[in-house]
Structures are given as structure tokens and as C-alpha cells.
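Working notes, structure below.
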Amino acid sequence: MNPHRLARSGSLTFAFVVTGAVLAFVATLVVSNASGPAAAGQFFQVVALLAIATTLSTFGADTGLVRAVPALTARGRSAGVPAVLRIAARPVLVLATAVAGTAALLVGIPGLVPVSAEVRSAVLLAAPFLVLGAVLNLAFGTLRGLHRVPTFSFLQNVLLPSLRVLGVIAVVALGGGLLSLTAAWTVPVVVVVVVALALVRRGVAAAGTQDAGAAPEPHREQSRAFWSFASARGVTAVVEALLEWLDVLLVAFFLGPAAAGVYGVVNRCIRVGTMLDHTARIVTGPSISAALAVDDVATARSVFTRTTAVLVTGAWPFYLTLIVFGSTILSFFGEGFESGYPALLVIASAMLLAVSAGGVQSLLLMAGRSRWQLMNKSAALAVAVVLNLWLIPQWGLVGAATAWAASVLTDTGLALFQSVRLLGIAPRWSVVGAIALAAAVVAGGGGLLIRALPVPDTAGLLVHLAVLGLAVGAAGAVLVRRARAAAAAAHDDLSPEETTADPGPAVVPVNLHK
């Protein structure tokens, strides 16, 4: 994907990811205000268990497709994509069925799993949807690998959360409980699966016509190569899911559902910021994979540098806003949620450092170093488990946030070392430092000045967001302009034959507002 197309895809995807973050924020607001901390804590437990089980069911096959599909097209073997899909799908369907059955069996026996009766019933309701969730992840991975990133992002970040928000609002309006909320969260998966599979079929058919005469690769070797990468990624993905949700479950275990509700809201606020990193992964992953597949390290390094610049430009203002106005933001979720501000302060500060490393996770994955990432995530999980068990009983929510921060910095530090020292790919630190400094002055310093004004907290937050929006928008415009200039320069360097050559698979337009 050339820089112009990458910038266009990134802009669309970012807009959809922001929409998804807003919708997730709205869903959390509705549940927390209508139910209170205790009921919200039970809902977050169900969401945590579902997220972990779905990740286990997919077992890295989605990321395997993100890497394998563009590598095939880069080598002129797009006709082999259907075979790769079969290699990925068959084991996942068996595993997902086994996970769903095991989950239903475990929670169906009273006292075997330390959850309340309401959570147990909700998990039993959601178990059958785990298979569909795994299928949806495979479809998402295929769309990303086919460079249909905006299409994928629309489905994941607009269509699915929109249906969920509408369902949650309807349940709250009708006075439904946890079981109804769980249904509102899981049933929309059916609709999105149908749409995603139709788009995958269309995309695979279009890709296969471009080199239908290419000789297929041996099935056994292809399967071994795919699962050698994907299985390591699968374990890593499960570890990532545990890292994301373990602290919520342990807070519920040690401190009760009300504390889990407060901490779950803190968790969701921080995760809004990680949406930008998620965008960087899904947009740049196929491009990095294709570049490294043909040993084009220079292009991979260029994409990585631009990604880091975008991440710092967007994420630093967000986390600094949480640091300065966190108490006001948490008060929107209802009475009692402001008590989570100290925990929010700890983890938001750590995320400033983590995001400065750029898209190192995507770089390791697309370089085929999934086992390195597994080692990193395992070390981070060990840190999280030990510190959560030690600090939550002593420090409460701040202890959980401290464990989270330590695990994030452990993972990021190891990945950054491997990227710079072992792969030899690093961003331009002078650019990263300059952007971070500007964000600190505008978002951090400006936010503190606004807080010092004699205005209500909510009004001050709105003024801050307005000023910040203008600043980030201007910075984004500069980055887009530079990306377009790079695309024009690359085009000028091509020979006449190259400029008229087939550019490869383009993004297929779809009749969806993404």
C-alpha cells in the first residue's frame, strides 16, 4: 500500500475507531448510571469472561491471516487465499466449540467458579455465541489481510457497538437485569457475522482473479507455517486478554462487585486511549508484513516512524486530559465512581511512556517474531499476577492500577528493546520527543491553566476539549500533508513503466457507512 492509500485508509479507520470508542463510552455510561457500581461490576465480569473465552477460541488465527494473506498477494499467489482460510477455520471451529462447552460446564456447576448466580446465568446465555465470535474474528483478520481495513473497522467499531448500544439502552429503558444486558451484548454478533462473511467472500473472489494461474503452495507446509506463527500468537492473545481483564476479576474477588464496577469504568476510560494503537496495528500491519516479506526494511521503518508520530500526537493529549480532568470525567458515570481517580492517575501516567514506543507490537508480529511477543506478554502477565495478588489487598484500586502500569511498561520495554536492538528498526526519537513536548505544553500545561480558572469543572473540561481538538486537528493535518508529499515524491521517482503498472488490490468500496 503506497503512502497516499495508507494515509487515506488510516484516516478512515481512525474516524471509525473514534466512533467505536465513543459508542463504548456511551454504553458504559448507560450501564453505570442506570445500575450503579455493584451491578456495573457484575456486567464487567461477564464482559471480561467473554473476551477471554473468545480470544482463546480464535487462538491467533485472525492475526495469522493478517500476516499470511498480504504475504501471498505480495508474492503473486492470491489464488491460495481460500486454502489459507480453510487452514485457519477448521481448528478454530473445533476449539471454539470446545471452549463454549467447557465454559457452560464450569459455570453450570454451582460453587466451582467463584462468581455470583447472576453472572453464572449470564455466561450460560452467552456461551453459544463464542463460536460466532471466533468466526467473526477470522472474518476480520481476512478483511485486514486483503487491505479492506476501513471495511473491517466499520464492522468492528461502528456496526457492532451501535447495535450493542441500542440494545443496552433498550434493556435499561425496560428495566432489564444482567441477563438482558448480556443478550444485548451478544446477539448483535449474529448480524455482524453475516455481513462480514459476505464481504470476505467478495474480497477473496476479487483477489483470486488476479493470479489464478499461480501454482499453489504445498498444503502441509503451508499449514505448518501458518500455525507455527498463529499458535504462538494465540497464546500471546490469551495472555493479552488476561492482562486486560485479570485485574477487574481480581478486584471483584478481593474487594467486591462495587469496587469492580468503579475499576471497570477506569479500565474502559484508559482503553479508549488504546484505540489509537489498535488503529495503527490494523492499518499498518498488512503494509509492514508485505514490506518485510520482500525484505524491504526501509519501507517497514518508514511506516513504523509515521505510526509512532501519529500515536504520540493522538494519545498524549488524551492521557494528559485524563490526568488533569479525570475526577470530572469519572463523575459522569454516576455517584461513587470518582473514587477511581487515583487509580486512573497511576495508569494514565504509565500509558504516556508506553505509547511513546510506537507500534512495536505490530512490528514484532508482522516481522514473524510472535514468539518474542509471547515471551514479553508472559513476563508482563507474571508481573501483573504477582503485583495484583500482593497490592490489591493492601492498596485497593491503586494497587490494581500499579500492577497494571508495571505490566504495561514491562511488555513495552521488552518489545522496544527487541525492535531497536534485534530488528534494527526504530523511529526518529527527535520527532517523537518534539511531538511529546508539544502535547505536554498544550494538553498538560493548558489543562492545568484552565483548571485554575474560576469556572465549573465541566465547563473547564469542555473548553479544554475544544482547544485540544483544534490543536490535534492541526497536527493531524500536518501529518497527512507530509504523507501525501511522500506519496508524490515516491511517484515522481518511478519510471514510466512503473507508474502505469497494476497497483495491486485496492480497497473494495462497500455500501456501508463506516
Side-chain angles (χ1 to χ4, degrees), residues 1 5 8-9 12-13 15-17 19-20 23 54 57-59 61-70 72-73 77-97 100 126 128-167 183-212 226 230 278-279 282-283 285-286 504-514:
M1 185 179 289
R5 186 179 297 171
R8 177 180 176 274
S9 177
L12 287 173
T13 302
F16 302 147
V17 169
T19 302
L23 291 170
T54 303
S57 300
T58 310
F59 208 64
D62 53 340
T63 307
L65 291 171
V66 175
R67 180 171 180 259
V69 171
L72 284 172
T73 57
R77 294 181 174 272
S78 298
V81 171
V84 172
L85 294 182
R86 289 191 292 271
I87 289 171
R90 289 167 181 169
V92 166
L93 290 175
V94 173
L95 180 59
T97 302
F129 292 91
L130 290 178
V131 177
L132 287 177
V135 172
L136 184 59
N137 283 344
L138 292 180
F140 284 167
T142 305
L143 290 172
R144 291 172 58 189
L146 292 170
H147 296 292
R148 274 64 171 178
V149 174
T151 302
F152 148 75
S153 185
F154 169 78
L155 298 178
Q156 186 188 59
N157 298 300
V158 180
L159 181 59
L160 181 59
S162 294
L163 295 174
R164 283 175 166 170
V165 167
L166 291 175
W185 199 257
T186 54
V187 171
V189 172
V190 179
V191 178
V192 183
V193 162
V194 173
V195 176
L197 290 179
L199 293 173
V200 165
R201 183 178 181 180
R202 177 182 177 183
V204 171
T209 59
Q210 297 175 11
D211 51 10
F226 179 89
H278 179 65
T279 305
I282 62 181
V283 172
V507 176
V508 174
V510 294
N511 296 322
L512 294 173
H513 181 267
K514 191 171 181 179

Run the side chain to side chain contact (heavy atoms under 4.5 Å, CB included) test on V135 and L197 for me, step by step, so that the C-alpha distance in whole Å, both residues' side-chain angles and the decisive distance to 0.1 Å come before the verdict. CA-CA 9 Å; V135 172; L197 290 179; 4.1 Å; yes

Quick one: pull up CG in L65 and OG1 in T142 and give me the separation to the nearest 0.5 Å.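 Here the interatomic distance stands at 4.5 Å.
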
In Å, rounded to the nearest 0.5 Å, how long is the span from CZ of R144 to OG1 of T63?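 OG1 of T63 is found 6.0 Å from CZ of R144.
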
Which atom pair, heavy atoms only, marks the closest approach of [X] to [Y]?
{"X": "F226", "Y": "A68", "answer": "CD1-CB, 4.1 Å"}
{"X": "L146", "Y": "G203", "answer": "CD1-C, 3.8 Å"}
{"X": "A134", "Y": "T58", "answer": "CA-OG1, 3.7 Å"}
{"X": "A196", "Y": "A139", "answer": "CB-CB, 3.8 Å"}
{"X": "A89", "Y": "L138", "answer": "CA-CD1, 3.7 Å"}

Using a 4.5 Å cut-off on heavy atoms from C-beta on, say whether the side chain of [Y] contacts that of [X].
{"X": "Q156", "Y": "N137", "answer": "no"}
{"X": "V69", "Y": "V81", "answer": "yes"}
{"X": "L155", "Y": "F140", "answer": "yes"}
{"X": "L163", "Y": "L159", "answer": "yes"}
{"X": "L95", "Y": "P91", "answer": "no"}
{"X": "F152", "Y": "L199", "answer": "no"}
{"X": "S57", "Y": "V131", "answer": "no"}

Assess whether side chain to side chain contact (heavy atoms under 4.5 Å, CB included) is satisfied between T54 and F129, documenting all intermediate values. CA-CA 9 Å; T54 303; F129 292 91; over 6 Å; no

